[in-house]
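Letters A, B, ... mirror the listed sequences (proteins, then strands); counts begin at 1.
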Amino acid sequence: MLTYIARRLLIAIPVLFGVMLIAFLLVRMLPGDPVYIMSDPESLTNTVLYEARREALGLNDPLPVQFAAWAGEVLQGNLGFSFHREVPVWDIIYPRIWPTVLLTGSSILAALAVGIPAGLNAALRQNSAFDYTASAASMLAISIPAFFLGMLAIYVFSLTLGWLPAGGMRTVGVEPSISDTLQHLILPAGVLAAVLAGPYTRYTRQSVLDVIRQEYVTTADAKGVPRRQVVRRHILRNALIPLTTVVAIQIPSLLAGAVVIETVFSWPGMGLLVIESITSRDYPVILAIVMLTAVVVMLFNLLADVITAFLDPRVRL
Amino acid sequence: MRRLRNIPFVALLLAFVLVLAACSSDDADEGATTTVADGATTTTGGDTGTTQPDGEERVLSVVLNEDPVAFNPFPETAGVGPVPSIMFPNILEFDDDNNVTSQLVESWEISEDAQTVTLHVREGAEWSDGTPVTSADILMSLELSLDSRISARATRIGNVVGMEALAEGEAEEISGLAAPDEYTVTVQLQTPDVAWIPNLASLARLVPTLPAHILGDVPNEDIPGHPFFEELSVGAGPYLFVEHVAGQYSEMVANDNWWKGEPGFDRLFIKTITGGTDAMAAQLEAGEIQFMTGLPALDAERVGSIENITIDSGDGVAADMFQLSWDDPLLQDPNIRKAMLYAINREGICQEALLGFCSVPLANTRPVGLEWAVPTDVEEFPYDPDKARELLAEAGWVDGTQMTFLHRPGIRAQDIAVTIAQANLADVGIDMVVENVDVPTLLDRLRTEDVRDSTQFWMNAGANFAMDPSAVQPYASCNTMFPNGPNLSWFCRDDVDALWAEGRSTVDQDARGEIYQEAFRILNQDPNELYIFIADNIVAYDSHIQGIRPQGDVWNQYWNIGDWYWEE
């Protein structure tokens, strides 16, 4: 297993280099001059300042030179300086990482906590009232856009019932505390979890239905193995294998979903930073976020493979 | 037993959330730059917008639509937010009636030849560390703002003797600036310029008063990266900086040394809410903020119906407009541009998109108010599709010809305006093809001649045209054509340029008025922009707050925040 992990990590190096190159080219293909975006339009007559700024940002260099300079810095662990904010990119990204990890991580765990039991029970009791209810609820969760669900949640739980805050990550004027953060987390994480729980329920249900018809399940039943044990050892364990892949594959789209949720709930995570950076053409920040996302996706895919091997002994890594 | 099997998973979930919530709570502290300004004390605890149970502390939360990029006001306009202008009062600014005003400059005057400006500094005002505010502070602040090597504002203020020499390194200071005594600053102008004072005031928060006793010895070129702008350790405004938490808020405390006395609140939070006005309105309704600006008119009635929420508005200071590619072959005949004005139901848009929180400049002039400078004997363009068809026919317009319009979607009133205008123009035979773009793409499309050919008009808005007619000049002058200035329409007429120059240097107000009226007569018959509506700025706030005087400029609402107070 360790050899496999080491091999995968080695393979990741050229992949990451490819991501760097493609991301750099794509970002530079975006229309718009970052210096114009940074500038006050009425001050554009100050061409000296404009040229000085382009020169200082290295934007007058040929593209390969710019790529080499940026890639060289990244390989040394330096993500560069933000064009827009004129501070190290890491200083901008760092405070945003934890809010996003908190939001997405708790959403995934909550969605799994709901989706797996719901999908499992729906499959075990196929065509029952519970199955129909779970299927309808999951289809509803898949169909409703996250922003609408978010606004609905704010209307119901914040404005009508007054139970939870309408936005932000903490109450201003109050000492930061876990309980305060949790109160602010419930709505955005709950909405994101609801959106995720739908597909998780569907995948689990379908996967369990596939497994339940396998001969080894019939054999276990015929041998008189207690049903609970059959479900846990033979059905659930095998059914979760495709779900781990689904969760890993969903990470990038989850980050995209978090953008919407972060916007609706004013959650100070990476999602809003992505939007700000793109609209201001802040190349170093956009590229740093792309690289960070690529690393996360690769790590989660690796993690999914390891979990799959753990769940299915036939898989040899 | 069955329930117990779920415990490890639930425990994992809870542990994860708790650990990260704890990290995030700590992170808010670690990631923040925490500085307690001299002369100020911070306290903790508090219930936003209300008194503490012990009645000792009052906290106010207001809103900002973007996370401040930095607190150094010199490099750029964008992203500074209101913190610097609250701490460092603007040298000159404008009030809710668009009159020039100032906290630290008690009075100002311009000489009869309009070449010497004199600023009289308020005596008795102090910085938060007890140092008196003097002419040295104003002098240094003006010099920094006028140094084009570091200041993006230099060319916008301009016209001061010795600016070029400093920029070119031939002098170490601007010779036209002087402080004859402790409370007087004089500014020598290169050419007569009666608009110099209103133009400086219109920049408001972009030209703050900085402490000379801290920054006076710092070379100008070191100012942009100076650590003072991270610490903000001394101020002269009503509130002083405490900390900024990225993506969340800036915290300020009352300045005990403020020249006007105690401000109305003990602590001020400026919350970053980038989720748009819906998110702001929700937080206002939930009591998490007490003041918001830029409320969409379509939400005004609903938000205003909430108990203890007051709606107010400031008259707009700039039009939302369709800017025309003035030199585009399709638009060469002025009759086509005038036909577009007749074809678009601008008053209908004002009612539909803004519920009347707006006005429509029927004569299509850019200045707002300023009756002395705007002609009344000009053609007006009310909604008249027949007249539009007639003008188009005269111009030989081929029915159904396409015009490409670049739109930046996301602002509801503008979105509605574009939809209505598209239908109106189709009705008279102009096929308005709307392309949605963002700002960088828009500017990219308008930068080069070959790309401009595929674009006829686009949405734009902003700035302040309610203080002096000369503010229009950069938007319709040959030497400010984009990308060398903000004249995106590439409007260029020598006769208009001559009038701009004459108007700027003429001292007599009546004569000035005549000159600008003549310029706007020409623009009336040769329009480069279609002014759709002038939107009022709607603010909403907790009815307990008194002293708010809303302005038309959405993000200049905190100009008198020191005067706000809570009344039970």
* Greatest number of heavy atom pairs closer than 4.5 Å to chain B - which of A:P31, A:S266, A:P268 -> A:P31
* To do: Answer with side chain, backbone, both or neither: which region of B:L443 has an atom nearer than 4.5 Å to a non-hydrogen atom of chain A?
  => side chain
* Asked: Does B:D67 pair with A:R96 as a salt bridge, N-O distance under 4.0 Å?
  -> yes
* Structure fact -> Minimal heavy-atom distance between A:I93 and A:A288, with the atoms involved, is CD1-CB, 3.5 Å
* Structure fact -> chain A shares the most heavy-atom pairs under 4.5 Å, among B:V437, B:T441, B:I273, with B:T441
* To do: May I ask you to decide if the ring planes of B:Y475 and B:F465 are parallel, tilted or perpendicular, using 30° and 60° as cut-offs?
  => perpendicular
* To do: Could you label the plane-to-plane angle of the B:F229 and B:H226 rings as parallel, tilted or perpendicular, counting under 30° as parallel and over 60° as perpendicular?
  => perpendicular
